[in-house]
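Here the structure comes first, spelled out in structure tokens, and everything after it is commentary.
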Amino acid sequence: MSETIFQKIIDKELPADIVYEDESCLAFKDINPVAPIHILIIPKKRIEKISDSNTEDKELLGHLFLVAGNIARDLGIEDAFRLVVNNGAGAQQTVFHLHVHLIAGREFNWPPG
Ligand code: DGP
């Protein structure tokens, strides 16, 4: 597995606008936002994509969603935000280190594009 840009952000080799960090995850602003609020929540453990996760990741995956909810509450957007996980190139995943997009601050449509 080659190192991804997100690993460099975890290792502080590349700057990022970090909004939350703990021992197992990191949250930072997306460099190419698709909404006024666009934050990426990533595990520090390298998991390429959600379909590569397994039972031992259960707590970690739950933690990412709890952190997303906490960030949303902190930002006052708890009533209108979307969490997106792109899995695989065919679903527009471009960085192969699992990440949850937290998107808010604009009108949403359904189904998503
Ligand atoms: P995805 O398409 O689901 O793999 O989303 C990858 C996201 O990562 C995309 O919205 C842009 C963002 N991104 C890529 N490189 C960087 C970077 O160097 N810094 C930050 N903050 N975000 C990045």
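Just so you know, ligand 1 is whichever comes first in the structure, and atom 1 is the first atom listed for that ligand.
- Within the structure, salt bridge (charged side-chain N to carboxylate O under 4.0 Å, His left out) pairs that include any residue of residues 54-67 comprise Lys45-Glu56, Lys45-Asp57 (at least two apart or interchain).
- Within 4.0 Å of ligand 1, protein heavy atoms belong to Ile5, Phe6, Ile9, Phe28, Lys29, Asp30, Ile31, Leu40, Asn86, Gln92, Gln93, Thr94, Val95, His99, His101, listed by chain and number.
- Not one N or O on the side chain of His101 forms a donor-acceptor pair closer than 3.5 Å with the backbone of His99.
- No donor-acceptor pair under 3.5 Å is formed between the side chain of Arg46 and the backbone N or O of Thr4.
- With respect to Glu21 and Lys44, a salt bridge is recorded, a charged nitrogen being found less than 4.0 Å from a carboxylate O.
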Quiz: residues 61-69 side-chain donor-acceptor pairs under 3.5 angstrom, not counting sequence neighbours:
| residue | atom | partner | partner atom | Å |
| --- | --- | --- | --- | --- |
| His63 | NE2 | Asp22 | OD2 | 2.7 |

Throw together a table of side-chain donor-acceptor distances under 3.5 angstrom for residues 87-95, partners on residues two or more places apart or in other chains.
| residue | atom | partner | partner atom | Å |
| --- | --- | --- | --- | --- |
| Asn87 | OD1 | Ile50 | N | 3.1 |
| Asn87 | OD1 | Ser51 | N | 3.0 |
| Asn87 | OD1 | Ser51 | OG | 3.4 |
| Asn87 | ND2 | Ser51 | OG | 3.3 |
| Gln93 | OE1 | Gly88 | N | 2.7 |
| Gln93 | NE2 | Glu48 | O | 3.0 |
| Gln93 | NE2 | Val95 | O | 3.0 |

